[in-house]
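Got a structure here, written out as structure tokens. Questions coming.
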Amino acid sequence: MQDKRVALVTGANQGIGLQIAKDLVSHGLTVLVGSRNFARGVAAAGEIGADAHPLQLDVTDPASIAAAAEHIGKEFGRLDILIQNAAISNTRKRPDQSVEDYAATTRPSNVSLDEMRAVWETNVFGVLAVYQAMLPLLRKAPGGRIVNVSSGAGSLTRNADPANPHRPIFGPVYPASKTALNAITLAMAIELEAEGIKVNAVSPGFTRTNLNGYAGTETVAEGAREAVRVALLGEDSPTGTFTHATLGTIPW
Ligand code: NAP
């Protein structure tokens with residue numbers, strides 16, 4: 001029987017997910033490094049150390065999700081922590097296109113439904129599919145934890161405020177996918193409240209990663225901090241929250 005707590009981080013082969021995996025290992029956990037490309041997962045786990053194990057996991061592929069859950073069940077018999085970090089920001093933004101220009105081409109009036117579906121498939125439905133597959137394993141752990149990596153860009157309260165300068169970026173593709181993720185996070189938290197499994201959303205802040213062409217202002221160490229803190233909270237901790245490392249609670 002595995003003594004160390006077992007965590008799965010989706011999309012952990014690079015960026016914030018890789019840093020979350022590193023930080024959880026340094027806190028003494030066994031970490032499954034979810035990666036849709038197995039070779040990249042092997043490389044990432046090798047970079048982290050012996051307590052990191054690569055796991056092929058494409059959150060949009062039901063067969064991959066089922067195989068991952070089966071593997072965890074066989075190897076560890078339970079899952080203590082699930083960090084749902086994998087996400088994409090778009091599939092069609094040209095490398096030379098500014099975020100503002102992409103936003104202008106993805107307004108409610110002109111967005112490609114295929115583009116919206118592709119991003120929601122990963123950021124929303126992928127999260128729900130992984131939740132459904134991993135929940136039986138989380139229920140076998142003494143104090144299961146789920147952390148969904150969201151974004152302040154999905155906050156309806158912030159985007160409803162005309163004084164918010166980032167408001168023109170709010171649109172149906174990535175920002176609204178995070179709004180939907182927040183909604184299902186709350187639904188998961190409510191579903192699992194009575195069982196003591198905590199489900200929380202976190203915002204990493206604007207972090208230098210591939211997701212934004214390395215334009216972010218925070219380091220991955222800063223971006224990973226809140227997810228790791230919330231994942232390791234004890235029994236008396238809250239569920240159904242949305243927080244950032246330095247800003248505290250973010251309005252839904
Ligand atoms: P990133 O460096 O692009 O990493 C995203 C990860 O998700 C990659 O490992 C990627 O795999 C993986 N992924 C994408 N689609 C997947 C799929 N279908 N199945 C499995 N894995 C998949 O981005 P990041 O900035 O670290 O993003 C991590 C999280 O932070 C995301 O949820 C993002 O929305 C959130 N966030 C980021 C920022 C920011 O400023 N960076 C701000 C707010 C929120 P590949 O390597 O194979 O592409």
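Along the sequence shown, residues carry numbers from 1. These values consider heavy atoms only, across backbone and side chains, with no hydrogens, waters or symmetry-generated copies. Counting starts at 1 for both ligands and their atoms, in listed order.
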Problem set entry | Proximal ligand 1 atoms for Asn210, defined as those under 4.0 Å from one of its heavy atoms |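 Those qualifying, in numeric order: 2 (O), 3 (O).
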
For this session: Note the single closest protein heavy atom to atom 5 (C) of ligand 1, along with its residue, its atom name and the distance in Å.
Result: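 The protein heavy atom lying closest is Ala87 O, 3.8 Å.
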
Exercise. Are any of the side-chain nitrogens in Arg117 or Asp114 under 4.0 Å away from the carboxylate oxygens of its partner?
Worked result: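 Here Arg117 pairs with Asp114 in a salt bridge, since their nearest N and O are under 4.0 Å apart.
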
Exercise. Quick one: do Glu226 and Arg229 make a salt bridge, cutoff under 4.0 Å?
Worked result: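 Counted as a salt bridge, because a side-chain N and a carboxylate O are separated by less than 4.0 Å.
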
Problem set entry | atom 3 (O) of ligand 1: nearest protein contact (heavy atom, Å) |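 That would be Leu211 N, 3.4 Å.
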
Problem set entry | Proximity of Arg40 to ligand 1 by residue part, where a heavy atom lies under 4.0 Å |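 It is the side chain that gets close, since no backbone atom is under 4.0 Å.
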
Problem set entry | Minimum-distance protein heavy atom relative to atom 32 (O) of ligand 1 |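 Heavy-atom neighbour on the protein nearest atom 32 (O) of ligand 1: Asn85 O, 2.7 Å.
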
For this session: Applying side-chain hydrogen bond (donor to acceptor under 3.5 Å, both in side chains) between Asn200 and each of Asn148, Thr241, Thr185, report the one that passes.
Result: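 That would be Thr241.
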
For this session: Could you tell me the residue and atom name of the protein heavy atom closest to atom 18 (N) of ligand 1, and the distance to it rounded to 0.1 Å?
Result: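 Of every protein heavy atom, Asp58 OD1, 2.9 Å lies nearest to atom 18 (N) of ligand 1.
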
For this session: For atom 30 (O) of ligand 1, grab the closest protein heavy atom and report residue, atom and distance to one decimal in Å.
Result: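 Heavy-atom neighbour on the protein nearest atom 30 (O) of ligand 1: Val149 CG1, 3.3 Å.
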
Exercise. Does a donor on one side chain sit under 3.5 Å from an acceptor on the other, for Glu193 and Thr239?
Worked result: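 On atom types as modelled, these side chains do not qualify, holding no pair under 3.5 Å.
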
Exercise. Can you tell me if Ser35 has a non-hydrogen atom under 4.0 Å from ligand 1?
Worked result: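 Flag not set, Ser35 not near ligand 1.
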
For this session: Mark up the atoms of ligand 1 that fall under 4.0 Å of a heavy atom belonging to Asn212, in ascending order.
Result: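 Selected atoms, number and element: 39 (C), 40 (O), 41 (N).
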
Exercise. Considering only protein heavy atoms, which is closest to atom 38 (C) of ligand 1, and at what distance to one decimal place?
Worked result: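 The closest one turns out to be Gly205 O, 3.7 Å.
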
Exercise. Which protein non-hydrogen atom lies closest to atom 19 (N) of ligand 1, naming both residue and atom, and how far is it?
Worked result: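 Going by distance alone, atom 19 (N) of ligand 1 is nearest to Val59 N, 3.0 Å.
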
Problem set entry | Option with minimal heavy-atom separation from atom 43 (C) of ligand 1, where the choices are Gly41, Pro204, Gly34 |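 Going through Gly41, Pro204, Gly34 one by one, Pro204 has the nearest heavy atom to atom 43 (C) of ligand 1.
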
Exercise. For ligand 1, is Asn37 a contact, meaning one of its heavy atoms is under 4.0 Å away?
Worked result: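 No, that is not the case, since the closest heavy atom of the residue is not under 4.0 Å from the ligand.
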
Exercise. To which protein heavy atom is atom 33 (C) of ligand 1 closest, and what is the distance rounded to 0.1 Å?
Worked result: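 The closest heavy atom on the protein side is Tyr174 OH, 3.5 Å.
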
For this session: Compute the minimum heavy-atom distance from Gln19 to ligand 1 and say whether it is under 4.0 Å.
Result: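 It does not; every heavy atom stays at 4.0 Å or beyond.
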
Exercise. For ligand 1, is any non-hydrogen atom under 4.0 Å from Ile16's backbone (N, CA, C, O), its side chain (CB onward), both, or neither?
Worked result: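 Looking at Ile16 and ligand 1, atoms from backbone and side chain both fall under 4.0 Å.
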
For this session: Would you check if there is a donor-acceptor pair between the side chains of Tyr102 and Glu115 at a distance under 3.5 Å?
Result: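 Yes, because at least one side-chain N or O of Glu115 sits under 3.5 Å from a partner of the opposite role on Tyr102.
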
Exercise. Just checking, any donor-acceptor pair under 3.5 angstrom between side chains of Thr10 and Asn85?
Worked result: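 Side chains of Thr10 and Asn85: no pair found under 3.5 Å.
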
Exercise. Is Asp236 atom CG crowded by more than 12 heavy atoms from other residues, nucleotides or ligands, each under 6.0 Å away?
Worked result: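 Open.
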
Exercise. Heavy atom under 4.0 Å from ligand 1: found in Glu218's side chain, backbone, both, or neither?
Worked result: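 Neither; no heavy atom under 4.0 Å.
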
Problem set entry | Donor-acceptor pair between Arg92 and Ser112 side chains, under 3.5 angstrom |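 Ser112 and Arg92 do have a side-chain donor-acceptor pair below 3.5 Å.
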
Exercise. Just by modelled atom types, is the Arg94 backbone N or O under 3.5 Å from a matching donor or acceptor in the Gln97 side chain?
Worked result: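 Flag set: sc Gln97 to bb Arg94 pair under 3.5 Å.
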
Problem set entry | Thr10 near ligand 1 by a heavy-atom separation under 4.0 Å |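 Outside the 4.0 Å threshold, so no.
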
Exercise. Which ligand 1 atoms are under 4.0 Å away from a heavy-atom of Phe206?
Worked result: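 Listed by number with element: 40 (O).
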
